[in-house]
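One structure is given here, and the rest of the page talks about it.
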Protein chains: 2
Amino acid sequence: MNNYSKQREAILDVMKENLVHPTAEEIYQLVLEKEPQISKSTVYRNINILVELGEIKKLNMTVGPDRYDYLYKEHSHAICEKCGNIFDFYYDFNKDEISKELLKQIGNNIDINSITIYGICEDCKSNNKK
Amino acid sequence: MNNYSKQREAILDVMKENLVHPTAEEIYQLVLEKEPQISKSTVYRNINILVELGEIKKLNMTVGPDRYDYLYKEHSHAICEKCGNIFDFYYDFNKDEISKELLKQIGNNIDINSITIYGICEDCKSNNKK
DNA sequence: ACCGAAATTAGGAATAATTCCTAATTTTAA
DNA sequence: TTAAAATTAGGAATTATTCCTAATTTCGGT
């Protein structure tokens with residue numbers, strides 16, 4: 001893998017222009033405007049390649065399909081487990097200390113890529129409609 | 001919802017007896033031993049109810065189907081984004097401070113349920129077979 | 001520029017994971 | 001004990017994603 005293709009470039013462009021954590025389907029719809037011939041399987045395949053290359057990040061959702069995020073800058077995510085809203089934020093987690101603690105407790109030296117908060121947002125707390 | 005059913009009890013028992021982050025399919029297979037008549041849809045429905053009730057936690061995976069964890073004791077998870085291995089560990093995240101920071105940055109008062117580390121485990125780092 | 005090998009594509013079929021539907025059964029609470 | 005409410009089994013349907021294939025595009029060497 002890794003030959004140039006305008007389809008892959010268009011997908012990355014869409015990710016750069018839309019910092020809104022789109023689903024694969026939403027990425028497909030957005031890319032269609034630039035590349036009307038693109039197929040959904042091409043979108044999925046390239047999304048996976050971009051994740052593999054570290055250009056975008058896959059966000060693991062409690063509700064609904066997975067979402068993706070362009071890594072313009074290091075940041076963390078807080079995800080509402082009820083409505084699926086994703087909030088970007090910055091926090092200086094002590095990754096070195098967490099790594100050390102992981103090594104001590106589980107005996108595995110894990111390269112930390114990201115730290116995600118899962119919880120319930122204000123709206124879902126008040127609107128107690130489930 | 002919330003009437004007693006032996007099926008739901010059997011599922012919760014399975015979760016208590018198997019602290020290994022099973023998938024829904026694995027839970028189904030394990031419950032079959034106790035309740036040979038149970039159907040997969042009953043398993044899925046009850047898993048969702050137990051998550052809703054806060055008895056078990058849904059773990060959002062980068063690779064493979066979602067997994068579930070019985071909340072016998074508060075702990076965090078480190079998940080390998082390549083092989084999907086899940087490591088339980090304890091770490092005293094400063095949730096109050098993180099909450100404050102979230103409120104300041106995103107204007108939303110999120111109830112933090114859990115904090116998950118995503119990264120690459122030792123094995124996947126060395127075995128560079130992707 | 002030309003050519004063959006390698007990579008990528010579109011389009012649709014196939015698969016995997018999960019939810020939905022319905023009639024029958026079980027549970028509840030009065 | 002009984003009627004309403006909740007739950008079930010079983011399978012169909014849906015959703016999300018991956019796989020397959022022949023055609024096209026890209027690349028590296030000449």
Side-chain angles (χ1 to χ4, degrees), chain A residues 1-15 21-53 55-69 79 81-84 86 130, chain B residues 1-15 21-53 55-69 79 81-84 86 130:
Chain A
M1 90 176 175
N2 243 339
N3 278 7
Y4 171 83
S5 88
K6 64 183 194 311
Q7 289 88 341
R8 186 179 308 161
E9 187 165 61
I11 290 168
L12 190 52
D13 285 348
V14 158
M15 292 306 294
H21 318 107
T23 62
E25 175 66 31
E26 287 164 352
I27 294 170
Y28 171 61
Q29 293 300 333
L30 288 162
V31 176
L32 270 184
E33 293 167 20
K34 293 168 191 280
E35 292 293 330
Q37 301 299 334
I38 204 170
S39 75
K40 205 174 274 190
S41 63
T42 296
V43 171
Y44 270 100
R45 188 167 22 78
N46 279 296
I47 285 174
N48 287 341
I49 290 171
L50 291 171
V51 168
E52 186 70 35
L53 293 174
E55 303 255 28
I56 64 178
K57 174 157 181 60
K58 184 175 189 171
L59 297 177
N60 308 300
M61 304 295 296
T62 303
V63 8
D66 286 332
R67 295 181 167 274
Y68 299 89
D69 193 20
I79 302 183
E81 294 187 296
K82 201 153 245 166
C83 68
I86 301 172
K130 32 162 296 247
Chain B
M1 89 175 174
N2 244 341
N3 278 8
Y4 171 84
S5 88
K6 64 182 192 315
Q7 288 89 341
R8 187 178 309 161
E9 188 165 62
I11 290 168
L12 190 53
D13 285 348
V14 159
M15 293 305 294
H21 319 109
T23 62
E25 175 66 31
E26 287 164 351
I27 294 169
Y28 171 63
Q29 294 299 334
L30 289 163
V31 176
L32 270 183
E33 292 167 20
K34 293 168 190 279
E35 293 293 329
Q37 301 299 333
I38 203 168
S39 74
K40 204 173 275 191
S41 63
T42 297
V43 172
Y44 271 100
R45 187 167 22 76
N46 279 297
I47 285 175
N48 287 339
I49 290 171
L50 291 171
V51 169
E52 185 70 36
L53 293 174
E55 303 255 29
I56 64 178
K57 174 156 181 61
K58 184 175 190 171
L59 298 177
N60 308 300
M61 304 295 295
T62 303
V63 8
D66 286 332
R67 295 181 167 273
Y68 299 89
D69 192 19
I79 303 183
E81 294 187 297
K82 201 153 245 167
C83 68
I86 301 171
K130 32 162 295 245

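Here is how names work: the chains are called A, B, and so on, in the same order as the sequence lines, proteins then strands, and each is numbered from 1.
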Carboxylate-amine/guanidinium proximity below 4.0 Å for Glu26(A) and Arg67(A): yes
For a quick test of reading the model, state the closest non-hydrogen atom pair linking Pro65(A) to Thr23(A) and the distance between them. CG-CG2, 3.8 Å
Lys/Arg N to Asp/Glu carboxylate O, Glu52(B) vs Lys82(A), below 4.0 Å: yes
Could you encode protein contacts along nucleotides 6-19 of chain C as a string, one character per nucleotide from 5' to 3', using B for base contact, S for sugar-phosphate-only contact and - for no contact, with a heavy-atom cut-off of under 4.0 Å? -SSBBBB----SBB
Mind listing the closest non-hydrogen atom pair of Ala10(A) and Lys34(A) along with its distance? O-CD, 4.1 Å
For Thr62(B), does its backbone N or O pair with a side-chain atom of Asn60(A) as donor and acceptor, under 3.5 Å? yes
Starting from C1' on dT27(C), measure out to CD on Glu9(B) and report it in whole angstrom. 14 Å
